[in-house]
Visitor: 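My questions all concern the structure below.
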Amino acid sequence: MGKTILILGACGQIGTELTLALRQLHGSDKVIASDIREGGTELMASGPFEILDATDSNALEEAVIHYEVEEIYLMAAMLSATAEKFPDRAWHLNMSTLFNVLRLGKERMINKIFWPSSIAVFGPNTPKEDTPQSTIMEPSTVYGISKQSGERWCAYYHKKYGVDVRSLRYPGLISWKTEPGGGTTDYAVEIFHKALKEGQYTCFLTEGTRLPMMYMDDAIRATINLMQAPAEALSVRSSYNLHAMSFEPGQLARAIQKHLPEFEIRYAPDERQAIADSWPSSIDDREARQDWGWAPQFNLEETTATMLEALQRAGN
Ligand code: SER
């Protein structure tokens, strides 16, 4: 079979599109998709798939040997809002999967690892605007604590054991192929589905909650570019800040109203508001730009137009 890439959590919001993009790049049979359950039709039809629980270290090692895996993308995780409801399970899932994969790197069973971090590593004491790469962090959510700890472990395994693990601090991700689940930034996806189906949406964040966001195509391009960059170009081995745009729910609603003038939005903030309030509004990503040439392509208007068009085409 030759060397392959293994995606853990391939059926999630990022995993689905990452798998499809990597299959375009390397060929379908070179990219093994895996998850604890089957995913969407397009993903399942696009190449090999394996039911695999990434918390199961032995099963993971067997898959790595069987498929001659040389690169792993660990996309399985519990997101911020769900993690607040199940703190123990979130910590276990988010950390044990990372340790399982880092061990494979340390033992030289695989060559390269991608592990996603998040803007959730920052907390209420972090500067909110143009948040720098290195600053006060102090995350106040279980998810954020798991991501910040994970970043430290990645940096440690790189320094101590020479493991080539690479990471990005994703902002809220907007996409149409697979819906996110359990996140605080999920409103920015839900709103499109509701706008098309029901003409109205009740947002769980306030009108003025400004958060960093990114269209999925940009996130996938960033991930692939980071993984293709020469190791010596990378100055950050915890996780890179990454920015594309920042907006408030009110601004997103107005961008949708330009296409769907009848669309109505209401605001009923819930427990996710406190999580959003603890996160930055915008991110300084100069290290990513300098080290591996990062530049986003989608702004709010392009994202809105693309989302509405794609969801309408997909029959929503
Ligand atoms: N988008 C994620 C969430 O809202 C943050 O990484 O949980």
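Computation of the quantities below employed the complete heavy-atom set of this structure, encompassing side-chain atoms and omitting hydrogens, waters and symmetry-equivalent molecules. First listed ligand is number 1; within each ligand, the first listed atom is number 1.
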Visitor: Check ligand 1 against Leu79 and write out every atom of the ligand that is under 4.0 Å from a heavy-atom position of the residue.
Guide: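 By the 4.0 Å cutoff, the relevant atoms are 7 (O).
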Visitor: List the closest protein heavy-atom neighbour of atom 5 (C) of ligand 1: residue, atom name, distance to the nearest 0.1 Å.
Guide: Ser118 OG, 3.3 Å
Visitor: Establish, from distance only, whether the side-chain atoms of Ser167 and Ser239 form a donor-acceptor pair under 3.5 Å.
Guide: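 Yes, a side-chain donor-acceptor pair sits under 3.5 Å.
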Visitor: Under the ring pair (Phe, Tyr, Trp, His ring centres under 6.0 Å) test, which residues partner Tyr240, sequence neighbours left out?
Guide: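 Counting only residues at least two positions away or on another chain, Tyr240 forms a ring pair (Phe, Tyr, Trp, His ring centres under 6.0 Å) with Trp292.
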Visitor: Testing the 3.5 Å rule here: is there a donor-acceptor pair between the side chains of Ser117 and Glu151?
Guide: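 Yes, side-chain donor-acceptor contact under 3.5 Å.
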Visitor: Considering only the protein, which heavy-atom contact is closest to atom 4 (O) of ligand 1, and what is its distance?
Guide: Thr184 N, 2.6 Å
Visitor: Give the residue, atom name and distance (to 0.1 Å) of the protein heavy atom nearest atom 1 (N) of ligand 1.
Guide: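 Of the protein heavy atoms, Thr185 OG1, 2.8 Å lies nearest.
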Visitor: Does Thr223 form a side chain to side chain contact (heavy atoms under 4.5 Å, CB included) with Tyr170? I'd like the steps, not just the answer.
Guide: CA-CA 10 Å; Thr223 308; Tyr170 289 130; 2.7 Å; yes
Visitor: Distance alone, cut at 3.5 Å: any donor-acceptor contact between the side chains of Tyr215 and Glu302?
Guide: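 The answer is no; no qualifying pair exists.
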Visitor: May I ask you to identify, for Trp279, whether its side chain, its backbone, both or neither come under 4.0 Å of ligand 1 on a heavy-atom basis?
Guide: side chain
Visitor: Side chain, backbone, both or neither: which part of Ser80 has a heavy atom under 4.0 Å from ligand 1?
Guide: both
